[in-house]
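Just below is one structure, and these are the notes that go with it.
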2 protein chains.
Amino acid sequence: MDAEAQGAAQTGEEWADVTPDAARRLVGAAVEAFAERGYHATTTRDIAGRAGMSPAALYIHYKTKEELLYRISGIGHEKALRIMGAAAGAGGSAAERLTGAVRTFARWHAEHHTTARVIQYELQALGPEHYAEITGQRRRTDRLLRQIIQDGADSGEFKADDVPGTTLAVLSLCVDVARWFAADGPRTPDEVGALYADLVLRMVGADVA
Amino acid sequence: MDAEAQGAAQTGEEWADVTPDAARRLVGAAVEAFAERGYHATTTRDIAGRAGMSPAALYIHYKTKEELLYRISGIGHEKALRIMGAAAGAGGSAAERLTGAVRTFARWHAEHHTTARVIQYELQALGPEHYAEITGQRRRTDRLLRQIIQDGADSGEFKADDVPGTTLAVLSLCVDVARWFAADGPRTPDEVGALYADLVLRMVGADVA
DNA sequence: CGCGCCACTGAGCGCACGCTTAGGAACGCC
DNA sequence: GGCGTTCCTAAGCGTGCGCTCAGTGGCGCG
């Protein structure tokens, strides 16, 4: 499965590598609840209920409610990092790599908008050391994208005066997809990815095909 | 005071038209607290404490904690709508109007990032009818921006294939400033406005000066 | 069959929440 | 001074939270 296909594939089992089964169901239930109402407005009773368990069962698998958020954030950000890494490591011109990166990154945020919402907008609920760890993961993702844009600027392929600023804008654009995207809306994740890749290529001053 | 200056001016008294004084202090305290920790993680005791009052004093001026958020959202969105309206109503080409709109809108979200954070990311905490009302205000802002982009597309000034999609992306970009902007960061609100105006002009395929 | 193991439940602890109520200080007005 | 109004506080009510713990059912294993 190449980087392009990875984003769209298997919406079904996003948490496949969480075991045992009960722990996985809890993660799924928590993501749903956190995305819908926010971390602080979600109760452990609600999470356990959605997973078909009693409230006490949650604490067999996770020490606290915060640890659930931490696990979700870790797995989610790792996935985001892998997507960006695959795009950055692919061959081709800077424009081709940027197109791939934005298309898959934006598409992932649309496709998995519930997970993305949680990992992008509920981070502040993490404890300080967990927060710092996740922030580090996020910085690595940023760096990969910045390097692509820097490459294009260096080679003259892009006309970007402010590489860090442009990187920030591109990431911000992709991440914010998680906020507004609705599964029953007029756009498919694929369409969002294509639109955003096109818009971003213009932003960096590449020749649009 | 013209539309361009309006955004940057008087960071000090953002809530000048809230009276009496105690009600205004409560709004200020609530915005600070909501922006820092989120609506649900903020307690009425915390808000009252920041405003230098006892917890009970809050309920003299506001019926519930939710009403505080509603008032903040209403005033904030009205301000955002006025900024966009001033830019849309200004004279000049579509490119000039779009530049002004993005510059002031993005700058406002940077300058007032605490307020903006609350009104853009805590809306879901509102009750259903308050939420619907605020959503209406937001749709009016969207429409103003879309019209500018549509004008440019119609006149051939812009090359935008997907006007609603481009509008969505531009708004998303500006709004998300509130999420990442830090007052002690490397960029001033003016710089953010200028950078974003430039990036957006490229996005719509206008000739960049 | 008997035993140990362990995921799980029912009941509930202690706490902090949103919000209420009774009462009082400060002030304007006659 | 007497009185009403406005704005506020101290105290606390009822609720639902995150989390705990003693006990249990069902399973694998000899």
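First the proteins, then the strands, lettered A, B, ... as listed; each starts at 1.
A side chain to side chain donor-acceptor pair (under 3.5 Å) check over residues 51-65 of chain A, counting only residues at least two apart or in different chains, returns nothing. Within the structure, no pair that satisfies the salt bridge (charged side-chain N to carboxylate O under 4.0 Å, His left out) test touches residues 125-144 of chain B, not counting sequence neighbours.
Classified by interplanar angle (parallel below 30°, tilted 30° to 60°, perpendicular above 60°), the ring pair A/Tyr70/A/His130 is parallel.
The backbone N or O of B/Val118 lies less than 3.5 Å from no partner atom in the side chain of B/Tyr39, so there is not a single donor-acceptor pair. Side-chain N or O atoms of A/Arg25 include one that pairs as donor or acceptor with a backbone N or O of A/Ala51 at under 3.5 Å. The backbone N or O of B/Ser73 lies less than 3.5 Å from a partner atom in the side chain of B/His77, making a donor-acceptor pair. The backbone N or O of A/Ala178 sits less than 3.5 Å from a side-chain atom of A/Arg117, completing a donor-acceptor pair.
Across its full length, the helix from C/dC1-D/dG30 to C/dC30-D/dG1 shows an angle of 0° between the axes of its 5 terminal pairs at either end, rounded to 10 degrees.
In this structure, A/Met53 places its CE atom 18 Å from P of C/dC6, rounding to the nearest Å. What separates OH of B/Tyr62 from P of D/dC7 is a distance of 13 Å, to the nearest Å. Following rounding to the nearest Å, A/Ile47 (CD1) and D/dC17 (P) show an atom-to-atom distance of 11 Å. Note: CD1 (A/Ile60) to C1' (D/dG25) measures 13 Å, nearest angstrom. In this entry the distance linking CG of A/Asp46 with P of D/dG16 reads 14 Å, nearest Å.
None of A/Thr115, A/Val18, A/Ile75, A/Ile47 except one satisfies the side chain to side chain contact (heavy atoms under 4.5 Å, CB included) rule with A/Val27; the exception is A/Val18.
With rounding to the nearest 0.5 Å, the separation of OG1 in A/Thr104 from CE in A/Met84 is 7.0 Å.
Only at 4.0 angstrom or more do the heavy atoms of residues 20-33 of chain A sit from any atom of DNA chain D, so none qualifies.
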For residues 163-177 of chain B, which side-chain N or O atoms pair as donor and acceptor with protein atoms under 3.5 Å away, sequence neighbours left out?
residue, atom, partner, partner atom, Å
B/Thr166, OG1, B/Asp162, O, 2.7
B/Thr167, OG1, B/Val163, O, 2.7
B/Ser172, OG, A/Asp176, OD2, 2.6
B/Asp176, OD1, B/Tyr121, OH, 2.9
B/Asp176, OD1, B/Arg179, NE, 2.8
B/Asp176, OD2, A/Ser172, OG, 2.6
B/Asp176, OD2, B/Arg179, NE, 3.4
B/Asp176, OD2, B/Arg179, NH2, 2.7

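Of all non-hydrogen atoms in A/Ala125 and A/Leu69, the two that sit nearest each other are CB-CD2, 3.7 Å.
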When every nucleotide of nucleotides 18-24 of chain D is labelled 5' to 3' by its protein contacts under 4.0 Å (heavy atoms), B for base, S for sugar-phosphate only, - for none, what sequence of letters results? BBBB---

